[in-house]
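Reviewing the structure listed below.
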Amino acid sequence: MKFENRQQPRIVYMGTPEISAIVFKGMLDAGFNIVGLVCNEDRPIGRKGALECPATKKIAMEHGIPVFQPHRIRNDYQTLADWNPDVVVTMAYGQIVPQAVLDIPRFGCINLHGSLLPKLRGAAPIQRSIMQGDTVTGVTLMEMVDKMDAGRMYDKIEVEILPEDNYSSLAEKIGNAAKELILRDLLSYLNGELPGEAQNEEEVTFAAKISPEDEKLSFHSPVQSFVNMVRGLSLTPGGYVLLEGKKFKILSAKAHSDEVVAVPGTIVSDKKGIFVQCEDGIVSLHMVQMEGKKPMDAKSFVNGVRDLKGKVFE
RNA sequence: CGCGGGAUAGAGCAGCCUGGUAGCUCAUCAGGCCCAUAACCUGGGGGUCGGUGGUUCAAAUCCAUCUCCCGCAA
């Protein structure tokens with residue numbers, strides 16, 4: 001049989017955060033028959049311990065779509081099986097999907113991955129692409145197999161990374177590209193019109209999850225790599241350095257000059273901003289956030305601190 | 001009761017411990033200097049000091065309580 005329209009296939013969508021919600025909502029708006037959402041559990045967010053539900057769950061509730069939030073999909077997937085999907089579409093679900101689940105839908109499980117595979121397999125492709133200074137990345141529609149991001153590739157969309165992009169802005173672009181990709185390809189995929197191609201294992205690179213250590217920035221690096229790290233971590237979680245023992249987040253920064261006039265980390269000027277020495281030049285900090293304070297532009301920060309010039313970031 | 005920081009002019013902060021009619025930097029307005037300027041000089045406007053009670057002759061400051069914001073941990 002052949003799927004003639006978007007109402008026919010029974011689709012289960014798996015995804016948790018905002019970027020995934022963009023795709024999820026896009027599919028709903030386009031008229032796909034999504035019979036259920038699988039997302040991670042509600043998590044206590046913030047200081048009050050109030051439970052916050054995933055972005056995708058909010059969309060599902062607005063559309064009256066059943067939601068399944070297994071603690072461990074590895075052991076708990078009967079609900080998904082009961083939905084009897086023809087296909088499972090995943091983006092940024094947040095858990096490893098076991099083979100037993102991959103075997104449920106007769107047309108398999110497909111995933112939208114935020115990189116141009118085989119580059120940047122893994123948990124944080126968007127952040128890592130910025131951190132390593134890439135100027136182009138993208139989204140890949142791929143088959144899910146029992147090995148992380150290793151399945152056949154069916155289609156891709158390239159996304160340009162502009163110098164002013166950070167993780168947040170790029171994630172939004174990737175989310176929209178992913179939406180476009182799934183909308184144009186899903187029926188073709190189900191009808192067997194996308195042959196796909198295997199990934200070249202020799203070109204594989206990995207995008208490791210962002211760990212707390214990754215969030216600590218160092219001025220002992222070239223200006224451009226410093227700026228790329230800041231971009232890759234912004235707006236959340238935000239890279240930081242220490243100023244007199246306190247956490248000082250740097251949410252945006254820009255290369256300023258190639259002068260070297262002090263040891264890395266030294267604030268060489270606090271006129272109209274914060275200018276800090278890096279290994280091979282000076283970086284200008286734009287948005288910053290002191291521990292316990294709101295984010296503010298560097299100029300405002302300077303107004304409230306005396307004798308900032310000459311201090312050294314750790 | 002998870003730990004901690006904070007709320008003072010449009011913005012960022014100081015003052016609070018040791019109560020006595022509010023100060024700094026920036027922005028803004030006016031004037032000046034200058035070939036010129038985002039630079040510099042002079043002067044001005046702008047604040048019920050988060051809310052509510054209490055102590056006191058007197059509260060930004062001390063006590064109680066409430067609201068909101070943020071960092072960490074999850």
Side-chain angles (χ1 to χ4, degrees), chain A residues 15-21 38-58 67 69-76 92-96 123-124 127 164 166-169 171 208-219 226 229-257 259 261 265-276 282-314:
Chain A
T16 301
E18 189 59 41
I19 186 171
S20 193
V38 181
C39 63
N40 260 328
E41 297 172 288
D42 294 0
R43 296 252 165 92
I45 295 294
R47 292 155 284 276
K48 292 169 186 166
L51 287 180
E52 175 79 7
C53 52
T56 46
K57 182 180 177 182
K58 291 176 187 165
V67 178
Q69 298 174 278
H71 177 63
R72 285 278 165 256
I73 187 86
R74 170 172 297 286
N75 312 311
D76 180 11
Y93 168 53
Q95 292 188 41
I96 303 278
Q127 294 94 321
E164 58 268 30
N166 60 20
Y167 166 59
S168 298
S169 68
K209 191 176 98 178
I210 304 297
S211 68
E213 301 85 74
D214 293 321
E215 294 165 23
K216 175 75 195 292
L217 304 168
S218 172
F219 287 102
F226 181 86
M229 288 300 291
V230 168
R231 293 164 65 214
L233 291 166
S234 183
L235 295 166
T236 54
Y240 72 93
V241 291
L242 296 178
L243 179 61
E244 296 174 334
K246 286 185 184 164
K247 203 174 238 191
F248 182 84
K249 283 192 183 182
I250 300 170
L251 300 176
S252 70
K254 204 170 172 184
H256 181 254
S257 76
E259 302 165 84
V261 299
T266 306
I267 297 173
V268 297
S269 170
D270 59 1
K271 290 282 182 200
K272 304 289 178 190
I274 309 172
F275 299 87
V276 188
I282 292 169
V283 64
S284 162
L285 310 186
H286 290 177
M287 288 302 288
V288 301
Q289 182 176 23
M290 195 66 177
E291 188 176 311
K293 295 293 189 178
K294 292 184 181 179
M296 67 186 81
D297 57 88
K299 216 170 120 189
S300 293
F301 180 78
V302 166
N303 279 337
V305 186
R306 294 157 212 279
D307 303 320
L308 197 55
K309 184 178 174 181
K311 287 183 179 166
V312 180
F313 287 112
E314 298 160 45

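Convention: sequence-line order gives letters A, B, ...; per-chain numbering from 1. Worth knowing before you read on, the calculation uses all heavy atoms, side chains too, and leaves out hydrogens, waters and symmetry mates.
For the pair A:Ser168 (side chain) and A:Leu235 (backbone), a donor-acceptor distance under 3.5 Å is present. Remark: side-chain polar atoms of A:Thr56 are paired, donor with acceptor, to backbone N or O of A:Gly15 under 3.5 angstrom.
On the C1' atoms, B:U56 is 10 Å away from B:C62, given to the nearest whole Å. Look at the P atom in both B:U52 and B:A27: the space between them is 34 Å, to the nearest Å. Rounded to whole Å, the P atom of B:G32 lies 41 Å from the corresponding atom of B:G51. When the P atom is compared between B:U61 and B:U8, the two are found 14 Å apart, to the nearest whole Å. Between the C1' atoms of B:U25 and B:G15, the separation comes to 15 Å (whole Å). Between B:A9 and B:A60, the two C1' atoms lie 14 Å apart (nearest whole Å). Distance check on atom P: B:A30 versus B:C24 gives 22 Å, rounded to whole Å. Taking atom P on both nucleotides, B:C1 is separated from B:G20 by 39 Å, rounded to a whole Å.
Residue whose closest nucleotide on RNA chain B sits further toward the 5' end, between A:Pro295 and A:Arg306: A:Arg306.
Look at B:A58: it lacks any Watson-Crick or wobble partner with both distances under 3.5 angstrom. Pair assignment for B:A7: B:U67, on the basis of Watson-Crick or G-U wobble contacts that are both within less than 3.5 Å. Nucleotide B:C40 is matched to B:G32 when pairs are restricted to Watson-Crick or G-U wobble geometry with both distances under 3.5 angstrom. Under the Watson-Crick or G-U wobble criterion, with both distances below 3.5 Å, B:G45 is left unpaired in every strand shown. When both pairing distances are held under 3.5 Å, B:G23 makes a Watson-Crick or G-U pair with B:C13.
In this entry the distance linking CG of A:Asp270 with P of B:C26 reads 11 Å, nearest Å. When rounded to the nearest whole Å, the span between CG of A:Asp297 and C1' of B:A38 equals 15 Å.
Of the candidates A:Lys57, A:His71, A:Gln69, A:His71 is the only one forming a side-chain hydrogen bond (donor to acceptor under 3.5 Å, both in side chains) with A:Glu41.
Atom NZ of A:Lys246 has 12 or fewer neighbouring heavy atoms from other residues, nucleotides or ligands inside a 6.0 Å radius. Around the CG atom of A:Asn75, the shell of radius 6.0 Å holds more than 12 heavy atoms that belong to other residues, nucleotides or ligands.
A:Lys272 comes within 4.0 angstrom of sugar-phosphate atoms only, judged by non-hydrogen atoms across all strands, and of no base.
Between B:U25, B:G71, B:C13, one nucleotide has an atom nearer to the side chain of A:Lys249 than all others, and that is B:G71. Residue A:Glu291 places its side chain closer to B:G71 than to any other of B:A11, B:C69, B:G71.
Of the side-chain N and O atoms in A:Lys293, one or more sit less than 4.0 angstrom from OP1 or OP2 of B:C13. Contact annotation: A:Lys299 side-chain N/O to B:A38 OP1/OP2 distance is not under 4.0 Å. A sub-4.0 Å separation between OP1 or OP2 of B:C70 and a side-chain N or O of A:Gln289 is absent.
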Go through it in stages, so that I can follow the logic: the residues are A:Ser211 and A:Asp214, the test is side-chain hydrogen bond (donor to acceptor under 3.5 Å, both in side chains), and I'd like the CA-CA distance, side-chain angles, deciding distance and then a yes or no. CA-CA 5 Å; A:Ser211 68; A:Asp214 293 321; 3.0 Å; yes
